[in-house]
Amino acid sequence: MTRRTLLATAVATLTALPATAHHGWRWTDGGQFELTGVVTAADLGNPHGVLSIDADGETWTAEVGQPWRNERAGLNDEMLAPGAELTLLGERSGNPDERLMKAEAIVIDGETYALYPERL
């Protein structure tokens with residue numbers, strides 16, 4: 001491998017690390033967290049869906065699954081649309097000043113939809 005190829009590979013790897021770290025669980029606190037509220041906005045595309053939740057007057061951001069993961073759990077976009085009342089189970093940000101969480105499961109009308117069943 002030439003020096004130039006080695007350098008290009010190293011740069012590509014290092015610039016990709018922040019993106020891959022974000023989509024893992026390392027940014028969460030590792031504990032269990034429950035958030036109940038009303039969806040005020042939903043962006044359910046790739047790489048994962050994002051919901052804005054009004055919980056007792058506080059706005060939270062919740063990462064949910066990729067479209068295929070939501071579908072596999074039995075969810076559809078209408079169930080996560082603005083106005084939906086739900087409870088999110090998962091992990092919150094490791095930074096306590098952020099109102100941010102990653103959902104492992106979503107409870108709607110008493111039914112639990114497991115996005116990451118292996119984590120429950």
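Just the heavy atoms: all of them, side chains too, but no hydrogens, waters or symmetry mates, feed the values below. Values in this document were obtained by computation on a predicted structure and should not be read as measured data.
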As an exercise, state the distance from OG1 of Thr36 to CD of Glu85, rounded to the nearest 0.5 Å.
10.0 Å
What is the distance from atom CG of Leu115 to atom CD of Glu63, rounded to the nearest 0.5 Å?
11.5 Å
Assess whether atom CG of Asn46 is packed by more than 12 heavy atoms of other residues, nucleotides or ligands within 6.0 Å.
yes
Using side-chain contact (heavy atoms from CB on, under 4.5 Å) as the criterion, list what pairs up with Asp54, not counting sequence neighbours.
Thr40
Closest non-hydrogen atom pair, Pro82 against Ala41
CG-CA, 4.1 Å
Separation of Leu51 CG from Leu44 CG (nearest 0.5 Å):
6.0 Å
For Val50, which residues count as a side-chain contact (heavy atoms from CB on, under 4.5 Å) partner, sequence neighbours excluded?
His48, Thr61
ring-ring contact (aromatic ring centres under 6.0 Å, His included) pairs touching residues 98-120, sequence neighbours excluded, are Trp25-Tyr116
With Asp43, which residues qualify under side-chain contact (heavy atoms from CB on, under 4.5 Å), at least two apart?
none
In short, ring-ring contact (aromatic ring centres under 6.0 Å, His included) pairs touching residues 50-77 with sequence neighbours left out are Phe33-Trp60
Check Gly45 against Pro67 and note the closest heavy-atom contact, atom names and distance.
O-CD, 3.8 Å
Applying salt bridge (Lys or Arg N to Asp or Glu O under 4.0 Å), can you list everything that pairs with Glu111, at least two apart in sequence or on another chain?
none
Those residues at least two apart in sequence (or on a different chain) that pass side chain to side chain donor-acceptor pair (under 3.5 Å) with Arg119 are Glu91, Glu104
Residue pair Arg99 / Thr59, side-chain heavy-atom distance below 4.5 Å
no
Would you call Thr28 and Leu100 a side-chain contact if the rule is heavy atoms closer than 4.5 Å?
no
Using a 6.0 Å cut-off, check whether atom CD of Gln32 has over 12 heavy atoms from anything other than its own residue.
yes
Could you list the cluster mates of Leu89? Members are the ILVMFWY residues connected by side-chain heavy atoms closer than 4.5 Å, either directly or through other members.
Val107
For Gln66, the side chain to side chain donor-acceptor pair (under 3.5 Å) test, sequence neighbours excluded, returns Arg69
Would you say that Leu75 contacts Ile108 through its side chain, given a criterion of any heavy-atom pair below 4.5 Å between the two side chains?
yes
Side chain to side chain donor-acceptor pair (under 3.5 Å) partners for Glu98, two or more places apart:
Ser93
Please examine the side chains of Ile106 and Asn70, heavy atoms only from C-beta on, and report whether any two atoms are closer than 4.5 Å.
no
Heavy-atom side-chain proximity of Val39 to Leu80 below 4.5 angstrom:
no
